[in-house]
Each structure stands twice: as structure tokens, then as C-alpha cells.
Amino acid sequence: MSVKIYNTLSRKKEVLKPLEPNHIKLYVCGITSYDYCHIGHARSALAFDMIVRYLRYLGKEVTYIRNFTDIDDKIIARAAEQKTSTEELANRFIDEFYVDMDKLGVDRPTMEPKATEHIQEMTDLIGELIDKDMAYPSHGDVYYRVGSFAEYGKLSGRKLEDMQAGARIQVNENKDDPMDFVLWKASKPGEPSWSSPWGDGRPGWHIECSAMSRKYLGDTFDIHGGGQDLIFPHHENELAQSEAANNKPYVNMWIHHGFVTIRDEKMSKSLGNFLTIRDILKHYHPEVLRFFIFSTQYRNPLDFSETAMQNAMTGLDRLYECLAAVERLTGECAAESKQVASAKDIKKLETMEERFQSAMNNDFNTALAQGILFESAKVINKITRQITDLPPQADYDLLIQAVATIKKLGAIMGILQENAGEYLSAKKSAMLAEIAISEEDIQELILERKQAREDKNWGRSDEIRDQLLKHRIELNDSAEGTGWSIKKS
RNA sequence: GGCGGCGUAGCCAAGCGGCUAAGGCACUGGUCUGCAAAACCAUGAUUCAGCGGUUCAAAUCCGCUCGCCGCCUCCA
């Protein structure tokens, strides 16, 4: 089975064929660190986290590089506002980024180079481009000569003429052509700067990724990723720089994920409709956010709403309830009992992993993959439901195996990784903290109701149940006694 | 204006030329229960924005129309 990935460059799904057998080299554009990260950043980090985890699950070696842009116009402006240095500001938000990533359980990439630590690599690359006359110095800046790169526009599917016709290009008399973009910027007084053959300055944005990817992954590597908004100009320009400098293809496959929207609009600071990762995690378990993000395929837009998050939570709870039922089994089995699972049930569970893989192999279809987990949970519930006392050995083995598989597959999306019982009880106590009744009071009322029920005093029994329901406490009677849960508001 | 994407049941979402159009949430009926809840079972799109076309066969391919979104300026 092979992994198929939608390649932005070819606009088709292609089979992933690493340059080195079984070793995939991946570069992803990370954050520009000047503020807290929002859900869009979370989607980016989680999408590639999932992709890397899946490829590793398949037994492939993955070298995963994700950079930090720690010098740019915004960082300079924000640092000035806050009367601090760009370095201090950038580092502070890199630390905050890690706080969020750790909470989300995002694995660290193999390496996370910072732009400011690779100035030499960038100036070397710029020098090579100048030598080839693909770039030219002008008044302390250096520009890339877009018109000299015949294939310019091949990633984003644009033609130079089209862009010039309608684009809002700011006039810059230093450029030979308005479409040329900056590789090196002369620094203004007071701005951070590094020395270069063209005078003191700082790198343009695009050059850092070309320089760092070349250093860590080579002239040509397998996959380059980022958000769809990076296709143009960022990735188009990277491609132009790298291919012109190296005379080799830059990247085999480009992966671009979709945006998180709110009320179907892209989140942005100017619209004021963005939510930070920590805002979300105040109200939701990190796995709920992961579950939500993977409820659609990574290339589709994903609309954030409270309702959607509630749905995600309900769905995740359902899976945990299923796991918890199996976790409660003690391991003690009934001797010589007939297996309750039907041949069809057994087949569904036995093919779960295979079906999951085929979903993921098709451009990381996590939505379908989640569906397979739900189908499996349904089968497990059906079996556990039929087991009244001790489970037959064959069923027990099947359930344990199925749950282990669900957890293993869940790990790729980073869900279902907690002990189910603990997850559910932690959730319960968190919700309990929000309502005006204590666990002791609940237990007391349950006890009183138990007595009432034994006395067949249904009136009092129902009264207690209604009373608890007012506090959003829902009772459920079963063979083992009365349990309770908290209803969503 | 140019480029790209999307439009599938009340909502979310798979499906990428051919088995009964996955799955989730919500709803309804049944089993269970003293009654409930949970769980399980059952039920819902003769139809995939609309109109044409290609094909033995289309939600899936092509064309046009309508609607929505993104990129073309920093952006995940």
C-alpha cells in the first residue's frame, strides 16, 4: 500500500516516493513569533504532526524541519511598541508557542532552526544568485530578478503578466521590475542588522526557508508544507530562489493545508475574529481540539464554532465511553461460554486497522479514519452490551485487542490517549466545579433514592432525580447500581 | 480583472466512473427500565446547487449558470 498525497505543484494526488528509500525529508514553514498562536497555527502544527506520526507509524524515517521566523517587519514593529528587542520578543513568543504545543501534545520536529541563526547561509545563497545574475544589489538592498526565472509562477499557477495586470504592487524605485522581491534589506537606523557584502541589513522573508532547508535537507527534498496562504508569494519565491541557485528541482511534493474560519471567514487580526490556542484550551480538553481539527480532511476549510466544538466533545466522549466499558473488564472470563461476537463483528474489528490505513493513505483522510473508529466502537459496544456477566474468553481477547488497536490508531491523531476512566472522571469533576452541587450531596441523594426505590416509593425517587437534573446531573440505573453524569448545558 | 477551491440529509462530513451515497451530532420509533438515562436495534438523501453533454454506467468526467470562500499585500 502506498501513500497518496495531493501535490499543489501538480494539482494531483501522487504516490509518495521518497528520494532516499524509506526516509522522508519534510520542511514546514513555522510561525513568525511576535504574538500568541491562534487556532490556525494549531491546525498547521497538528496537521503536520499527524502526517509525521502516520508516516512513522508506517515504519518510515522522517526528518522533519520546522523553522522559526524570528526577524521580520512585524517583529521589529511589535518590539518597538513594547520597548524591547526583537530577540527578546521573538524568544518570548517562541517559549509561549512551546507552552501551547506541549499542551496540545505536538511532537517536536527533528530540528527547529531560527532565521537569525542562519544569516551566513542566507548571504551565501544570495551571493550565488547574484553571481548567476538572478539577483542584483540596489541601494543596499538585494532583489531577485523574477523575470529571469522562466518557470516563475509554476507553483501558484499564475502568470507574470496576469499578476502585473491586477495586482496592488507598491512602487519601489530600487527594483528593476515591480515583481522582483527582496532577498536582503538594508537596515534603517536602530533596526537589528547583520553585516553582508551589500552593507548592513537583514534577510528578506523568503530566503530563510531556502537557506535553512538546503542546509538541513539538501538541494532537493521530498515534502514542503505550510498553509494555503503561503503558496503565493512565499513558496513561489522560495522555489524560484532555490531552483535558480541549485539548478535542481527544489521540492517533489508541496502540501498545503486549509484555513480555520469563523463564520466562514478566515481568521485574521484585522477582522478581530481570531481565537488563541490558550483561549480554546481554557474550555476544552486538548484532545477535543485535535478531534475537531481532524474531523475534516486537512485541505478543507474548517469552520470553528462552539457548536462544532461541543459536537466534537460529544463524539470523543462516546469513544471514551466505549473504551471505558472494556477497561472495566477484570480479565476474569467465563469458562466454556459461547462467543457472543458474530462473524461479521469479528471481521469488522479485525479489518479496522487495514481500513484505517487505506483512509489515511488517501491524502491523510482523517475524517474517514475517524468514521472507522466510530464503526469499531459501535461493534465493541454491541459486544460489551451482550455480555451480562463474565465475558467468554474469545470475546474478551477480541475486545482487548480491538481497544489496543483503537488506541494505537488514535495516537496518530493524538486522541484517545488517556486512560478512559480517568478521562471521563476528570471531565466530570471539571464540570462539577461549574455547577452548584457537590459530589457528596449527589451521593447522598443517590443513597436516599436507592432506599426510596427499594421501598417502591417512585414519587420520591423521581423527585430526587428531577432535583438532580436541575443541577444538570443525570442518573442512570444499571445492574451495578446508580451512576451519574453531567448533562451538557 | 487573474488564479485556486468549495456547494452531498436539520447541522458537520466521507465518497474521486460501476456493490444498499460511510461516519458523527440532532430528531423519531423499538429493546432495556418501576419510569428514565446510557447502550443497542431500526428509521431518514430515488438523490448529491441548477441546466446541458460524454458514457452501457456520473455525486464522481466535460461545458455553462447560480451561490460561497481563499490567494493575487504580512498571514497557518
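Note on naming: letters A, B, ... go to the chains in the order of the sequence lines (proteins, then strands), and numbering restarts at 1 for each one. Quick caveat: nothing in here was measured; it's all calculated off a predicted structure.
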What orientation do A/Phe374 and A/Phe291 show, parallel under 30°, tilted 30 to 60°, or perpendicular over 60°? perpendicular
Any salt bridge (Lys or Arg N to Asp or Glu O under 4.0 Å) pairs touching residues 366-376 of chain A, not counting sequence neighbours? A/Lys348-A/Glu375, A/Arg355-A/Glu375
Hits for ring pair (Phe, Tyr, Trp, His ring centres under 6.0 Å) against A/Tyr152, two or more places apart or cross-chain, chain-then-number order -> none
hbond_proxy A/Lys74 side chain to B/C74 base (donor-acceptor, 3.5 Å cutoff): yes
Atom NZ of A/Lys12 and atom P of B/U60 are separated, to the nearest Å, by 20 Å
Between P of B/C35 and CD of A/Glu474, the distance in whole Å: 17 Å
Mind checking the C1' distance from B/C27 to B/U43? Whole angstroms is fine. 11 Å
Rounded off to whole Å, could you give me the CD-to-P distance for the A/Glu265 and B/C68 pair? 12 Å
Give a yes/no verdict on base stacking between B/G23 and A/Phe374: centres under 5.5 Å, planes within less than 30° of parallel. no
With rounding to the closest Å, how many angstrom separate the C1' atoms on B/C64 and B/C72? 26 Å
In whole Å, what separates the P atom of B/G23 from that of B/U73? 45 Å
With P as the reference atom in both, quote the distance from B/G29 to B/U54 in angstrom, rounded to an integer. 48 Å
Lys/Arg N to Asp/Glu carboxylate O, A/Asp477 vs A/Arg453, below 4.0 Å: yes
C1'-based separation of B/C41 from B/C48 [nearest Å]: 28 Å
Any donor-acceptor N/O pair under 3.5 Å between B/G5 base and A/Asn300 side chain: no
Check side-chain contact (heavy atoms from CB on, under 4.5 Å) between A/Leu275 and all other residues, then give those that pass, not counting sequence neighbours. A/Ile39, A/Ile262, A/Asp279, A/Ile280, A/Phe304
Report the residue (A/Val260 or A/Ser295) whose heavy-atom-nearest nucleotide on RNA chain B is the more 5′ of the two. A/Ser295
Which one, B/G34, B/A39, B/C71, comes nearest to the side chain of A/Asp229? B/C71
Could you give the distance separating B/G7 and B/U65 at their C1' atoms, to the nearest angstrom? 14 Å
Take A/Phe232 and A/Arg449, find for each the nucleotide of RNA chain B with the closest heavy atom, and name the residue whose nucleotide sits nearer the 5' end. A/Arg449
Measure from CD1 on A/Ile406 to P on B/G24 and round the result to the nearest Å. 13 Å
Side-chain donor/acceptor contact of A/Arg299 with base of B/G5 under 3.5 Å: no
Does A/Asp264 reach a base, just sugar-phosphate, or nothing at all? Heavy atoms under 4.0 Å. sugar-phosphate
With sequence neighbours excluded, tell me which residues meet ring pair (Phe, Tyr, Trp, His ring centres under 6.0 Å) with A/His234. A/Trp205, A/His206
Trace of the salt bridge (Lys or Arg N to Asp or Glu O under 4.0 Å) decision for A/Lys470 with A/Asp466: CA-CA 6 Å; A/Lys470 276 184 196 143; A/Asp466 291 346; over 6 Å; no
For nucleotides 42-45 of chain B, tabulate all protein N/O to nucleotide N/O atom pairs closer than 3.5 Å, reporting atom names and distance.
none

Mate of B/U20 across any strand shown (Watson-Crick or G-U wobble, both atom pairs under 3.5 Å) is none
Would you tell me if any nitrogen or oxygen in the side chain of A/Thr296 comes within less than 4.0 Å of OP1 or OP2 on B/A14? yes
Can you check whether A/Phe97 and A/Phe68 have ring centres sitting under 6.0 Å from each other? yes
With a 3.5 angstrom cut-off on both distances, give the Watson-Crick or G-U wobble partner of B/C66, or none if there isn't one. B/G7
Phosphate-side-chain proximity, A/Lys266 and B/A76, N/O vs OP1/OP2 below 4.0 Å: no
For B/A38, does OP1 or OP2 lie under 4.0 Å from any side-chain N or O of A/Arg318? no
Pairwise P distance, B/A9 and B/G5 [rounded to whole Å]: 22 Å
Looking at A/Thr314 and B/G24, is any side-chain donor or acceptor paired with a base atom of the opposite kind under 3.5 Å? no
Interface polar pairs with nucleotides 18-22 of chain B, N/O, under 3.5 angstrom:
from, atom 1, to, atom 2, distance (Å)
B/A22, O2', A/Glu375, OE2, 2.8

With under 30° as parallel and over 60° as perpendicular, where do the rings of A/Tyr320 and A/Tyr423 fit, or are they tilted in between? parallel
In whole Å, I'd like the distance from the CG atom of A/Leu469 to the P atom of B/A38. 11 Å
Whom does B/A14 pair with, Watson-Crick or G-U wobble, provided both distances fall under 3.5 Å? none
For atom P, what is the distance between B/C68 and B/U8, given to the nearest Å? 14 Å
Separation of B/C3 atom P from A/Glu236 atom CD, nearest Å, is 15 Å
Side-chain donor/acceptor of A/His471 to backbone N/O of A/Ile473, under 3.5 Å: no
Applying a 3.5 Å limit to both distances, which nucleotide forms a Watson-Crick or G-U wobble pair with B/A57? none
What's the separation between atom OG1 in A/Thr69 and atom CD in A/Glu208, rounded to the nearest 0.5 Å? 3.5 Å
Taken to the nearest whole Å, CZ/A/Arg11 to P/B/G70 is 19 Å
Whole-Å distance separating the NE2 atom of A/His235 from the P atom of B/G70: 20 Å
Between A/Arg278 and A/Asp100 (salt bridge meaning N to carboxylate O under 4.0 Å), is one present in this structure? yes
